[in-house]
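A quick write-up on the structure given underneath.
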Protein chains: 4
Amino acid sequence: MKNLLVREGSDLLVSRTRQEENTRVNIKGCVVGGEETVVIAGPCAIENEDLLKETAFKVRASGASMLRGGAYKPRTSPYSFQGHGEEGLKILARVGQEMNMPVVTEVMDSEDIELVAEYSDALQVGARNMYNYSMLKKLGRLNKPVVLKRGLSATIEEWLLAAEYVLAGGNGQVIMCERGIRTAEPWTRNTIDLSGVALVKELSHLPVMVDPSHGTGVRSLVTPMARAALAAGADGLMVEVHPHPEKAVSDGPQSLTPRGFSQLMREIEPIARACGRRIK
Amino acid sequence: MKNLLVREGSDLLVSRTRQEENTRVNIKGCVVGGEETVVIAGPCAIENEDLLKETAFKVRASGASMLRGGAYKPRTSPYSFQGHGEEGLKILARVGQEMNMPVVTEVMDSEDIELVAEYSDALQVGARNMYNYSMLKKLGRLNKPVVLKRGLSATIEEWLLAAEYVLAGGNGQVIMCERGIRTAEPWTRNTIDLSGVALVKELSHLPVMVDPSHGTGVRSLVTPMARAALAAGADGLMVEVHPHPEKAVSDGPQSLTPRGFSQLMREIEPIARACGRRIK
Amino acid sequence: MKNLLVREGSDLLVSRTRQEENTRVNIKGCVVGGEETVVIAGPCAIENEDLLKETAFKVRASGASMLRGGAYKPRTSPYSFQGHGEEGLKILARVGQEMNMPVVTEVMDSEDIELVAEYSDALQVGARNMYNYSMLKKLGRLNKPVVLKRGLSATIEEWLLAAEYVLAGGNGQVIMCERGIRTAEPWTRNTIDLSGVALVKELSHLPVMVDPSHGTGVRSLVTPMARAALAAGADGLMVEVHPHPEKAVSDGPQSLTPRGFSQLMREIEPIARACGRRIK
Amino acid sequence: MKNLLVREGSDLLVSRTRQEENTRVNIKGCVVGGEETVVIAGPCAIENEDLLKETAFKVRASGASMLRGGAYKPRTSPYSFQGHGEEGLKILARVGQEMNMPVVTEVMDSEDIELVAEYSDALQVGARNMYNYSMLKKLGRLNKPVVLKRGLSATIEEWLLAAEYVLAGGNGQVIMCERGIRTAEPWTRNTIDLSGVALVKELSHLPVMVDPSHGTGVRSLVTPMARAALAAGADGLMVEVHPHPEKAVSDGPQSLTPRGFSQLMREIEPIARACGRRIK
């Protein structure tokens, strides 16, 4: 009964029985779900324009297709840095334009959807908001791609049904993003569930990305898990990169330096090729 | 490092080192956190006025202090019943007034806070929205009690820090509500963590309730876990009651009948007394 | 399908549909599963005879019925203290006899069953060996009570079926012991699942104890959880007590002092009474 | 503190700070941990000689290096098929010899170690016995390779320390095998933790294999996860193959047919090559 909704014969909009061919989500010319492996890179939080520009320049040079960066940050403590808000969005939009890279950033409140959509080419729903059904409904009425991260302990079915909320509203441009589930393992921040990636690719036509940075929380594991993600069938990666991780306002320990990111790009290339993909 | 923020010496607003005596949250004369064990009862969803009135009448007769019922329902599937919205709020307010019972209901969207606050004596933040920091900040500026459920896989520290978001905004009327965490045990819907209840009572001055209905998902386990919750130190209970659970639009399997609820009230009474409490 | 074996109509030996009345396990005159709440107390490991005697004397004075202590210790590291082995067993047997208390200790290897049975009145299977089916089969051929701890992440069904291994061999004297399951919560060592206790009491006729010491790993939570366990329906408790917890070779942080244990006994008494039980 | 033992500077025998180069475990000429990707294949349980021979013949033709099959089966229920015991071991040994394939099988009891070692080229410790320290100590005195599966909810540190028990006894021929950890996800039997694989390769010199059959419990996910495992750095795979999965006495739903296995071998080949490995 638990898995009823997404089984064979399901008539959910997200289901492969409803649509056999892969959905391709086009973010300003950057297509997720097609022949190319798409890599989104950038800092956890947008700190200032120079830093973002430096990062963008370097990750683009290494082969990243899109730029990420948070203007609204969901932080466990109310006293931690909460992001620069609209000012951050403006910086992101300017840098994206200058570097000619599509940008993606997180929306944390249904009241902010329109504002975020004004500056960003795709809206990210973070793991903490995957169950924010009210916000998902509103994103369903938007004409912009949505990157939907899996909840901290969400089942595959709940995740697919969260996507269904968006599709049911009329917005079919959804990219699923696995970012690790919470387990009792203390070494890693989360446990990346790559069988979940393979399963979503089987059950659904939606494209799937993996975020090995949040998924592991450990710098040295980002590249091996990026390789594994592609081999499991992922259509792309989302990677945190910061020029000076030791000074990052958040998520330093899992951020790659631009040099580390360049190394990652070199190391995923043979795997992408073995999967019949090329890296944009 | 993980537990840094709520250790001894913490200057968080939620911390007992900051305020030694228990906070008492007064919901229209019904005090949570004092000598009385407060029981909130009612159906999962508000289905119609007659049903709610019948339920309210019966649970009040058995000793419930407050009435609950959902007008906005966070459902896994977009095609499940989503609640009657504002119409449901009006029904709840009318029945509460008629029965002279304070009412509590869930708010799912920061845009609905004012509307819900107009009709309800306390606002519940559901488990799925515990990390909705944007909504928590807005609830911090409200002058109404907040019942904050623990997230599906939230740690105690994350839960206390979610409460801190509300307190930091200026609203100190927060009631913590344990409703089970997600584990691999398939017999129960969730696993109630009563050590978490005892721990929050130790670390914080905020009152704590337990929801044994969602916490177990199994009717026969509701009363034993209600007893256990009180013995662990809980200040109150939130229990789902439906006159005809087999016809309930949601959560039937875990709902007590009014007769079952009356039995629960009789069975918790000696435990409450052994804890030096009386049941209002 | 997952829960098939222990549902209604089950003909498992552990099932209440097979035997309606509660099983009472008699450990040298100390009956678990009857009107009395049985408390087993003692140090994690048997360190030396004087210390054990001192502990036994004090916990007996406070009302403990049985003495516990480990001669074989399952330690995560091969370089940690592994227990005194047979020498420890001899100390335990001597102190038990002198104090006139039945003793229980852990068996870690099917090859040691006979040796342990020679010195001990009941044999404990630790959480790490709950799936050691080979050892369970051999315990089924023994004529001594078995205390079967729940595995670190065992489901209720797996736990009951582990007991079935013992009963199927002909040994019906099994006491189930909940000691917490592993979750992502870092404050507590494990998460005690009291709904599991209530569920086993419902599904099975076997007596159930709770170990709030291992279950929480935090001294201040032992008494609240002991109270909660009894209110949930537990037939007894297993509690770690050490005269000098700060010097204990293992599990110091969760051990009560004899004075703390005496306090626990006073605090569980009204709950036991509210449950219609007396404490031996 | 939790991760103390395996951090940098650790002097554990399993640690890479103690031995920089990879350990290569030689199982009768088949080397795990070297340039080749080793694939062990065979049925969950040894049912009869003809079936095993048919399976061995076919998996060898597709490129499997070693044969697996269970003679002692750890089953949740005492009434499920428990394996053919010594008779099964003899069948395995004969078929291995005839096919010229090294064989590996599980040992479930410290009393059976010598018997199993007589017939098998490597001994597998199953997930349920990873904490069976008593058995691990005895395996440390054996001169045969040990395949050590990760426990159902074991942390990486516990798993490495379980290996340390074997190494400390003098037996350095240990192969780690990830087989999925238990989570709340109901679609898959377990959740394969490939970051754990990458982490063990980083922290330790021991070779690591992955069992995508038990790890997922779902036939269609075995090949994607086999590919992902190699990309994450695994030295080999252990795969369940049965000529007629629908008639298998255990684990049918996750077993590949010989044809499915042949397909798997074709699909992992480009990934192995991209990792600079060849498949024996």
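Order of the sequence lines sets the chain letters (A, B, ...), proteins ahead of strands, with each chain counted from 1. Since the structure is predicted, the reported quantities are computational estimates derived from the model, not experimental observations.
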Heavy atom to heavy atom, less than 4.5 Å: which residues from residues 126-137 of chain A reach chain B?
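Contacts with chain B: A/Arg128, A/Asn129, A/Tyr131, A/Asn132, A/Tyr133, A/Ser134, A/Lys137.
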Report which part of B/Thr183 has an atom under 4.5 Å of a heavy atom belonging to chain A: side chain, backbone, both, or neither.
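For B/Thr183, there is no contact with chain A at all, as no heavy atom is under 4.5 Å.
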Heavy-atom distance under 4.5 Å to chain A: side chain of B/Tyr79, backbone, both or neither?
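Just the side chain, heavy atoms under 4.5 Å.
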Max heavy-atom pair count under 4.5 Å with chain B, selected residue of A/Ser110, A/Ala168, A/Ala162:
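Top count of heavy-atom pairs under 4.5 Å with chain B: A/Ser110.
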Which answer fits A/Thr155, side chain, backbone, both or neither, if we ask what part of it has an atom under 4.5 Å from a heavy atom of chain B?
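Both parts, heavy atoms under 4.5 Å.
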Counting only heavy atoms not in A/Glu114, do more than 12 sit closer than 6.0 Å to its CD atom?
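Open: at most 12 neighbouring heavy atoms sit under 6.0 Å from CD of A/Glu114.
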With a cut-off of 6.0 Å (strictly less than), are more than 12 heavy atoms of other residues, nucleotides or ligands near CD of B/Glu20?
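No, not enclosed.
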How far does CD1 of A/Ile181 sit from CZ of B/Arg182, to the nearest 0.5 angstrom?
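Output value for this atom pair is 10.0 Å.
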I need the A/Arg75 CZ to B/Leu161 CG distance, nearest 0.5 Å.
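CG of B/Leu161 is found 11.5 Å from CZ of A/Arg75.
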